[in-house]
Amino acid sequence: MTPLSDIEISQSCTLRPISAIAKTAHIGAEYLEPYGHTKAKIDPQILREPGRRDGKLILVTAITPTPAGEGKTTTSIGLADALRFIGKESAVALREPSLGPVFGIKGGAAGGGYAQVVPMEDINLHFTGDLHAIAAANNLLAALLDNHIKQGNELGIDLRKITWRRCLDMNDRQLRVLVDGLEGSAGVPRYDGFDITVASEVMAVLCLADSLTDLKERLSRMIVGFTYDDRPVTAGDLHAAGAMCALLKDALKPNLVQTLEGTPAFVHGGPFANIAHGCNSVMATRLALRLSDYTVTEAGFGADLGAEKFLDIKCREAGLVPDAVVIVASVRALKMHGGLAKSALAQEDPEALRRGLPNLLRHIRNIRTVFGLPCIVAVNAFPADTSAETQLVLSACRQAGVTAVVSRVWAEGGRGGAELAREVVRLCEESTGTFSYAYSLSDSPEEKVLALTRRLYGGKDVRFLPKAREQLDRLTRLGYGHLPVCIAKTQYSFSDDPSLLGAPQDFTLTVREVKVSAGAGFIVVLTGNIMTLPGLPKHPAAERIDVDESGRITGLS
């Protein structure tokens with residue numbers, strides 16, 4: 001019998017009304033804004049209600065990703081279900097999927113198997129329209145910028161120094177670099193380009209804002225370019241923040257959905273972790289913490305990207321500290337880090353697995369030693385895993401002084417994560433971390449990047465290309481040097497070279513561009529060949545997606 005696909009599992013389950021999920025999460029009807037029967041927005045005014053303490057915060061991260069898959073989102077959802085299975089009040093806070101990866105190479109991002117957030121097809125497609133609102137606000141600012149230049153350029157904006165780009169939520173390499181304004185006397189021709197919506201600073205701003213007022217202030221601070229005498233021009237200078245905020249007022253409200261087992265799920269915001277800070281919104285995390293005893297949240301890609309930015313940027317900004325960290329690994333992904341080809345993953349190969357283990361061990365060391373947080377390893381089980389291979393991973397973790405537990409949430413839902421849930425609860429209750437950031441804000445931007453390269457990535461040095469050095473000198477001169485850094489690099493390696501798998505050492509990180517996200521409050525450091533607008537693969541996932549006359553979607557996974 002052919003196993004059911006993720007979407008077939010999702011469509012075979014009966015969803016509870018969103019009002020019932022809200023009741024489970026202690027959300028009164030006055031704070032619930034339904035979007036149909038199974039989705040809702042939550043009025044953030046609920047955070048002002050007195051009388052409830054925050055619960056425990058559990059961060060789920062992973063080893064360095066491979067095409068074999070690690071199952072981080074699946075584990076996050078399954079752990080939240082498992083906590084309820086063992087009698088704890090839990091919720092999960094996740095990022096919203098981007099249409100680019102959904103139709104590109106990655107597919108959906110709502111979990112998998114029997115550990116999914118639902119309705120998965122809605123969440124993976126238009127959902128409640130948040131990403132469309134972000135793109136509209138981003139592009140409104142772009143239109144106001146170009147109109148200001150056309151109408152006389154009172155601010156003296158230098159067309160060669162415009163930094164604001166348009167965006168769309170799609171993988172479309174054709175739009176990375178272009179020339180626009182070619183409408184004769186009606187236009188102002190200039191070089192331009194698009195980013196993917198999840199790389200827009202508007203997305204980062206929305207995810208870090210803690211109120212509508214804070215959102216408007218952050219939008220006002222965003223830099224769109226520089227004048228002829230090198231002064232920054234902001235969205236506030238263009239009087240754009242009010243209209244942008246009007247477009248974003250509903251998008252700022254966290255979304256409530258459910259897992260297949262009825263656990264409340266707050267799915268809100270979705271910056272990529274390889275080109276942005278990779279975490280769901282501060283408001284959704286705070287909401288989940290206030291309404292449950294255990295909040296499970298995830299950070300994008302591996303711990304060197306998403307977890308680092310969660311801790312050094314989001315936690316610093318929002319005053320959060322995780323009580324426990326779960327590092328997700330899979331036998332087959334570790335074998336790929338050991339040099340095994342994807343076509344050979346089904347065969348037992350302990351030597352490849354041993355060669356791949358240093359990747360997991362470095363992530364463990366980083367979480368425990370660099371950040372001072374207690375952690376546990378979740379070994380996400382796949383059917384081809386052998387007992388000997390699984391035991392090899394468990395043994396390596398024990399030798400490193402960390403508990404490791406096999407997770408079977410994909411196949412069994414919350415029941416398959418019960419042991420993991422019990423160990424996480426024990427870790428939250430018994431362990432006391434000494435949390436610290438990877439660098440100090442008083443460090444220079446160069447020192448911050450070097451600290452991450454040496455302390456987290458295993459590298460030796462950092463090289464700033466001339467363009468990046470010029471940009472860095474300018475933003476430091478303008479007073480932005482105190483901000484945290486958001487390093488944009490490949491997700492496939494600790495280094496900036498995606499071919500260096502495992503745990504590479506003593507490499508040099510090359511920085512090719514530096515820009516400041518003044519509204520979000522961090523410096524973006526671009527390395528290697530990282531693109532802010534991905535392209536589609538030779539055979540995109542979109543080719544397999546269809547919908548029948550009844551509206552039933554197929555091929556989405």
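Just so you know, these numbers come straight off a predicted model, no measurement behind them. What you see below is based on every heavy atom in this structure, not just the backbone, and it leaves out hydrogens, waters and symmetry mates.
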If the threshold is 4.0 Å, N to carboxylate O, is there a salt bridge linking [X] and [Y]?
X	Y	value
Arg221	Glu201	no
Arg218	Asp214	yes
Glu351	Arg354	yes
Arg190	Asp192	yes

task: List the steps, then state whether side-chain contact (heavy atoms from CB on, under 4.5 Å) holds for Asp304 with His363.
output: CA-CA 7 Å; Asp304 57 316; His363 285 297; 3.6 Å; yes
message: Among residues at least two apart in sequence or on other chains, which ones pass side-chain contact (heavy atoms from CB on, under 4.5 Å) with Val321?
response: Leu373, Phe435
task: Applying side-chain contact (heavy atoms from CB on, under 4.5 Å), name anything that partners Met170, two or more places apart in sequence or on another chain.
output: Leu99, Phe103, Leu168
Checking [Y] against [X]: is there a side-chain donor and acceptor pair closer than 3.5 Å?
X	Y	value
Asp497	Ser499	yes
Asn138	Ser200	yes
Asn255	Asp130	yes
Thr61	Glu298	no

Tell me, do [X] and [Y] make a side-chain contact under 4.5 Å, heavy atoms counted?
X	Y	result
Lys314	Lys309	no
Ile275	Ile530	yes
Leu526	Val514	no
Leu59	Val326	no

message: Using every non-hydrogen atom in the two residues, find where Cys375 and Val402 come nearest and quote the distance to one decimal.
response: O-CG1, 3.6 Å
task: Specify the closest pair of heavy atoms between Asn280 and Ala93, including all atoms of both residues, with the distance to one decimal.
output: OD1-O, 3.5 Å
Point-to-point distance, once rounded to the nearest 0.5 Å, from [atom1] of [X] to [atom2] of [Y]:
X	Y	atom1	atom2	value
Asn529	Asp496	CG	CG	8.5 Å
Thr75	Lys72	OG1	NZ	9.5 Å
Leu501	Thr66	CG	OG1	8.5 Å
Arg362	Ile367	CZ	CD1	13.5 Å

Ring centroid separation His132 to Phe127 under 6.0 Å: no
message: Set out, in order, the CA-CA distance, both residues' side-chain angles and the distance that settles salt bridge (charged side-chain N to carboxylate O under 4.0 Å, His left out) for Arg165 and Asp195, then state yes or no.
response: CA-CA 7 Å; Arg165 290 160 60 91; Asp195 294 331; 2.8 Å; yes
Ignoring hydrogens and angles, write down the donor-acceptor pairs under 3.5 Å from the side chains of residues 327-339, residues two or more places apart or on other chains.
| from | atom 1 | to | atom 2 | distance (Å) |
| --- | --- | --- | --- | --- |
| Ser330 | OG | Gly69 | O | 2.9 |
| Ser330 | OG | Ala333 | N | 3.1 |
| Arg332 | NE | Ala68 | O | 2.9 |
| Arg332 | NH2 | Ala68 | O | 2.5 |
| Lys335 | NZ | Leu345 | O | 2.9 |
| Lys335 | NZ | Gln347 | O | 2.8 |
| Lys335 | NZ | Glu389 | OE2 | 3.0 |
| His337 | ND1 | Gly502 | N | 2.9 |
| His337 | NE2 | Thr64 | O | 2.8 |

- line: side-chain hydrogen bond (donor to acceptor under 3.5 Å, both in side chains) with Ser98: of Asn124, Thr197, Asp169, only one passes, and it is Asp169
